[in-house]
Structures are given as C-alpha cells and as structure tokens.
**Student:** 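A single structure is presented below for examination.
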Amino acid sequence: MLVDNGGYFPEQDQYEDVAWFLMDAMKVLGTDAVGVGDRDLRYGLAFIKSRAAADHLPVVCVNLMDKKTKKPVLQPYVVKKVGTATLGIMGVISDKVDLGPARDSLVVQDPVAAAKAAVAEMRKKGATVIVLLSQLGKVESEDLVTAVDGIDALIVGRNAPMLQKGRLIKTTVACYGGEQGQYIGRTVLALDAKRHVTTGDNETFILGPEVGEKPEIAQMVKLFDDSWNEKLRKREKEQVVQQAQKDLENSPDKFVGAEVCTRCHAQQAEQWKTTPHARAWQTLIDNHKDTSSDCVSCHVVGYKKPGGFVNASESPALVNVQCESCHGMGTQHDAYTKEHRAVTEQVCVTCHQGDNDPSWNFAQKRSKIIH
C-alpha cells in the first residue's frame, strides 16, 4: 500500500499548477490515501476538493470540519482490502495551524478525540490494521498514538525529522520520513491468523540517483516542467511590462500632445499640418498596419513612454508624428530658453533609416518640414 502524508503543496502563491500536477502524479503512482496539511489549504478548500475529485484521489482527514455543519469537509478515512487484510487509513491535521483562505468556513476538531472516534468506526467496518497519516509534527503525533489505542502504523508529518529506523511507541510503528519528498519510508507489519498486527518495523530510504527513474513518470515530469517553465517565463515578461507601465504612470514627465503646443506655436502648427508627419497615422490605417507595434512606434507620439501613445482608442490625441516626436516631451519644455535648439539628424534617423526610408537625405527632407 502506498500513502502520502500531505503537506506537499508549494509554498509560493500562484503555483496551483504544481499542486494539481503532484496530485495527478500521485494518482498515476497508485497512491491509496493522501493526508492533508495546512500548506495544502493555501489555495482554498474548493481547490483541493475539486482536484481530488478529478483524480479520484482519496484525500483523508478526520478532524477538518465545516464550521456550520460540524461535519468533515473531506473523506475522513479509507477502509481498503490489501491482500488478505483490511486496512483503515485516516488523516489528522493540527488544530494550531492557520487554515489560510479556508479559515472562515473551517474549524479543526481536537485530533485525539477525532482519531479515537475514527478508529472505532473503522474497526466496526472490518479494518484489522489502522494507519494514521499525521500532520501534527513529531511530539504531538507521538502523544496522539500514546493516547489513542489501536493505531498500528504512524506516518509522522509537518516539520518531521528523518530517522533511518522508525520507532515503536507502545504498539505503534512510527515512520519519520523527513521533508520535501526526498525520502520514502517502508513499514512492514506482521499479522496473526486474524490479520491483526503482532510486530512491525520501519526503515526510511533516500531517493538518490541510484534508485533510478520510471520512464513514463520521468517523461510526465519533463512535459510538465517544460510547459510550467514556459508559463513562468511568460508570467515574468508580463510582470516586467506591468512594472514598466507603473513606472511610466509614476513618472513626473509626460507627453502632452500637439494641441497644448499649438496654444503658443500656432504658426508652426499650421505649417506642420501641411506635412506628411501630420498624416502619418492614416498611412498605417490605409496599409492595415495600425496594430503592428513595429510600425506604430514611428507614426505616433511617445509609444510606450510616459503619457505616450497606447492605442487609438485610449490616446487618439497622440496619433501622427507631432511636435514632441522631434522636440521632446512637453513637460520638459523650457518656456523661457534663450538658446536655439535645432533638431539634429540623430533625432530623425530613429525612424528614417534602413527599409523605413531607403532614400533618406537629411538636407532634402528637412526643407519640407522646417518651420
């Protein structure tokens, strides 16, 4: 029989994909029962319940209760025939943990009381061997099996140490498998003619390279890793864009648009209206290029810059090659400067170069727009 003690969900937010993949993988491995730790509730109760249902994975906990109905919100235990014996597997969660998003709707019952009741129920249903998946930590797990009779095997979880050889606590064989899934514990129980436990032993093994890989599982992990890493890269790019947008919004300098410039520079504005610059956006529309970022940047004001062009709907006043495209941001304009500031060719060739303007000649083109 294969069990997992719980507490396997990732600690990072927005890592739900990893959580459901681990649940999928446990089902593929043939896991008979899975416990629940407080980490497994970090995405909410609905998440783990929906994934367990989708995978038909028995997620068990006897003392995680609905606050209103006082009934278990998960399957409390599993009673299963294994060979010639009938096993009962239950899980318990600590009543001292933060339940995360589920704290408003859940309550944790006393683990000792819940375990006693569950042992009695499983015995009535024919279980001759009882296994406890505990998320109480070392000390409280040991205290529980000391207080509750009839538990034959204990899997210790939640900040559990790794002990190569398990311990016998009264009549319970305890397994200490460490953290992070680096070890697997093997508990062997000897049964009498009535299939009750007489003796037992536990040993924990490190899952090192010498254990080897199961090809189909390794392939499944690789496929997930590849798709997950791609998703992370995409998310990272989106975060960079979002941060850049925040930086733009918080910048003190912005583009103001030709309408503001015209208030003082009316004569220059009239001349500008006669130039191709004033019709630059229409050329994109005519050529169906008004959604191509490679083209848009040279046909609008301040593309992807503070207060600059976003799209034709959000910033229609910034279409075309306007004053600030050549002279700089309006908020940086010195109204009382005495120095004449000529626009150099370097400004022009940010757009007028290569395939964009193969016949570019600064002297000839400048004469058509000068004002």
**Student:** Would you mind reporting whether Val156 and Cys175 have side-chain heavy atoms less than 4.5 Å apart?
**Tutor:** no
**Student:** Working note: Phe362 + Cys348, criterion side-chain contact (heavy atoms from CB on, under 4.5 Å); need CA distance, chi angles, decisive distance, verdict.
**Tutor:** CA-CA 8 Å; Phe362 180 61; Cys348 305; 3.8 Å; yes
**Student:** Taking Asn63 for the side chain and Ile93 for the main chain, is one N or O donor matched with an acceptor at less than 3.5 Å?
**Tutor:** yes
**Student:** I want to check something: taking the side chain as every heavy atom from C-beta on, are Gln109 and Asp95 in contact at a cut-off of under 4.5 Å?
**Tutor:** no
**Student:** With a sphere of 6.0 Å drawn around CD of Gln12, does it hold more than 12 non-hydrogen atoms of other residues, nucleotides or ligands?
**Tutor:** yes
**Student:** Using every non-hydrogen atom in the two residues, find where Tyr8 and Ile48 come nearest and quote the distance to one decimal.
**Tutor:** OH-CD1, 4.5 Å
**Student:** Is any side-chain heavy atom of Glu203 closer than 4.5 Å to one of Phe205?
**Tutor:** yes
**Student:** Do Leu64 and Leu41 make a side-chain contact, defined as non-hydrogen atoms from C-beta onward lying under 4.5 Å apart?
**Tutor:** yes
**Student:** Should the SG of Cys351 and the SG of Cys298 be checked, would they turn out to be under 2.5 Å apart?
**Tutor:** yes
**Student:** In terms of heavy-atom contacts, does NZ of Lys70 have more than 12 from other residues, nucleotides or ligands at under 6.0 Å?
**Tutor:** yes
**Student:** Taking disulfide bond (SG atoms under 2.5 Å apart) as the test, write out the residues that go with Cys295, two or more places apart.
**Tutor:** none
**Student:** Which pair of heavy atoms, one from Ala52 and one from Val59, lies closest together, and at what distance?
**Tutor:** CB-CG2, 3.7 Å
**Student:** Please name the pair of heavy atoms, one in Ala258 and one in Gln322, separated by the smallest distance, quoted to 0.1 Å.
**Tutor:** N-OE1, 2.7 Å
**Student:** Quick one, Gln14 and Arg235 - any side-chain contact, counting heavy atoms below 4.5 Å?
**Tutor:** yes
**Student:** Applying the 4.5 Å side-chain criterion to the ILVMFWY set and letting contacts propagate, would Val349 and Val343 be lumped into a single cluster?
**Tutor:** no
**Student:** Looking at Arg42 and Glu11, does any basic side-chain N land under 4.0 Å from a carboxylate oxygen?
**Tutor:** no
**Student:** Identify the two heavy atoms, one from Val301 and one from Ser325, that lie closest to each other, and give their separation to 0.1 Å.
**Tutor:** CG2-OG, 3.7 Å
**Student:** What distance do Glu210 atom CD and Leu207 atom CG have between them, rounded to the nearest 0.5 Å?
**Tutor:** 9.0 Å
**Student:** If the threshold is 4.0 Å, N to carboxylate O, is there a salt bridge linking Glu121 and Lys124?
**Tutor:** no
**Student:** With rounding to the nearest 0.5 angstrom, report the CG to CZ distance, Leu284 to Arg279.
**Tutor:** 13.5 Å
**Student:** Looking at side-chain heavy atoms only, is the closest gap between Glu238 and Lys234 below 4.5 Å?
**Tutor:** yes
**Student:** To the nearest 0.5 Å, tell me how far Met26 CE sits from Leu57 CG.
**Tutor:** 5.5 Å
**Student:** Would you tell me whether Asp192 and Thr198 have side-chain atoms, one donor and one acceptor, within less than 3.5 Å of each other?
**Tutor:** no
**Student:** When clusters are formed by joining ILVMFWY residues with side-chain heavy atoms under 4.5 Å apart, either directly or through shared neighbours, do Met90 and Val79 land in the same one?
**Tutor:** yes
**Student:** How long is the gap from OG on Ser227 to CG on Asp17, to the nearest 0.5 Å?
**Tutor:** 7.5 Å
**Student:** Please report the C-alpha distance between Lys273 and Glu270 in whole Å, then the side-chain angles of each, then the deciding distance to 0.1 Å, and finally whether the salt bridge (charged side-chain N to carboxylate O under 4.0 Å, His left out) criterion is met.
**Tutor:** CA-CA 5 Å; Lys273 291 177 183 178; Glu270 287 302 315; 3.3 Å; yes
**Student:** Apply the test salt bridge (charged side-chain N to carboxylate O under 4.0 Å, His left out) to residues Asp24 and Arg51: give CA-CA distance (whole Å), side-chain angles for both, the deciding distance (0.1 Å), then the verdict.
**Tutor:** CA-CA 8 Å; Asp24 287 351; Arg51 292 310 313 175; 3.2 Å; yes
**Student:** Between Lys222 and Asp226, does a salt bridge (charged side-chain N to carboxylate O under 4.0 Å, His left out) hold up when you go through it step by step?
**Tutor:** CA-CA 6 Å; Lys222 183 180 185 305; Asp226 290 346; 2.8 Å; yes
**Student:** Are Arg195 and Thr86 linked by a side-chain donor-acceptor pair shorter than 3.5 Å?
**Tutor:** no
**Student:** Judged by modelled atom types alone, do Asp4 and Thr31 share a side-chain donor-acceptor pair under 3.5 Å?
**Tutor:** no
**Student:** Please identify each residue that fulfils salt bridge (Lys or Arg N to Asp or Glu O under 4.0 Å) with Arg263, with sequence neighbours left out.
**Tutor:** none
**Student:** Taking ILVMFWY side chains as joined if any heavy atoms are under 4.5 angstrom apart, and letting links pass through other members, which residues group with Leu168?
**Tutor:** Met1, Val3, Val60, Val78, Val82, Leu87, Ile89, Val129, Val131, Leu133, Ile155, Val173, Leu189, Leu191, Val197
**Student:** Please round to the nearest 0.5 Å and tell me the distance separating atom CG of Asp201 and atom NZ of Lys165.
**Tutor:** 3.5 Å
**Student:** Can you check ring pair (Phe, Tyr, Trp, His ring centres under 6.0 Å) on Trp20 and Phe47, steps first, answer last?
**Tutor:** CA-CA 9 Å; Trp20 67 248; Phe47 178 86; 8.9 Å; no
**Student:** My understanding is that only residues two or more places apart in sequence, or in another chain, count here; which of them pass side-chain contact (heavy atoms from CB on, under 4.5 Å) with Arg158?
**Tutor:** Asp38, Val97, Gln135
**Student:** Within the supplied structure, the quantity of interest is the number of heavy atoms (other residues, nucleotides, ligands) at a distance under 6.0 Å from Glu213 CD; does it exceed 12?
**Tutor:** no
**Student:** How many angstroms lie between NZ in Lys27 and NE2 in His56, if you round to the nearest 0.5 Å?
**Tutor:** 7.5 Å
**Student:** What about Val221 and Leu232, same hydrophobic cluster or not, with Ile/Leu/Val/Met/Phe/Trp/Tyr joined at side-chain heavy-atom distances under 4.5 Å?
**Tutor:** yes
**Student:** Does any non-hydrogen side-chain atom of Asp152 lie less than 4.5 Å from one of Thr171?
**Tutor:** no
**Student:** In terms of heavy-atom contacts, does NZ of Lys214 have more than 12 from other residues, nucleotides or ligands at under 6.0 Å?
**Tutor:** no
**Student:** Measure the shortest side-chain to side-chain distance between Met220 and Val28 over non-hydrogen atoms and say whether it is less than 4.5 angstrom.
**Tutor:** yes
**Student:** Is there a donor-acceptor pair under 3.5 Å between the side chain of Asp66 and the backbone N or O of Lys71?
**Tutor:** no
**Student:** Could you tell me which non-hydrogen atom of Gly30 sits nearest to which non-hydrogen atom of Leu2, and how far apart they are?
**Tutor:** O-CB, 4.2 Å
**Student:** Please determine whether side-chain contact (heavy atoms from CB on, under 4.5 Å) holds for the pair Leu106 and Val73, giving the CA-CA distance in whole Å, both sets of side-chain angles, and the decisive distance to 0.1 Å.
**Tutor:** CA-CA 8 Å; Leu106 300 181; Val73 294; 3.5 Å; yes
**Student:** Going by atom types alone, do Gln282 and Asp286 pair a side-chain donor with an acceptor below 3.5 Å?
**Tutor:** yes
**Student:** Are Leu74 and Leu22 linked, directly or through other ILVMFWY residues, by side chains that come within less than 4.5 angstrom of each other?
**Tutor:** yes
**Student:** For a quick test of reading the model, state the closest non-hydrogen atom pair linking Val18 to Pro10 and the distance between them.
**Tutor:** CB-CG, 4.1 Å
**Student:** Partners of Cys326 by disulfide bond (SG atoms under 2.5 Å apart), sequence neighbours excluded?
**Tutor:** none
**Student:** Can you tell me if Trp360 and Glu345 form a side-chain donor-acceptor pair at under 3.5 Å?
**Tutor:** yes
**Student:** According to a hydrophobic-cluster definition based on side-chain heavy atoms being under 4.5 Å apart (Ile, Leu, Val, Met, Phe, Trp, Tyr only), do Val62 and Leu99 belong together?
**Tutor:** no
**Student:** Please identify each residue that fulfils side-chain contact (heavy atoms from CB on, under 4.5 Å) with Val319, with sequence neighbours left out.
**Tutor:** Trp281, Phe309
**Student:** Say whether Gln268 and His371, considering side chains only, have a donor N or O and an acceptor N or O under 3.5 Å apart.
**Tutor:** no
**Student:** Using a strict 4.0 Å threshold on nitrogen-to-oxygen distance, state whether Asp149 and Lys170 make a salt bridge.
**Tutor:** yes
**Student:** Quick check on ring-ring contact (aromatic ring centres under 6.0 Å, His included): which of Phe21, Trp228, Phe9, Tyr43 does Tyr15 satisfy it with?
**Tutor:** Trp228
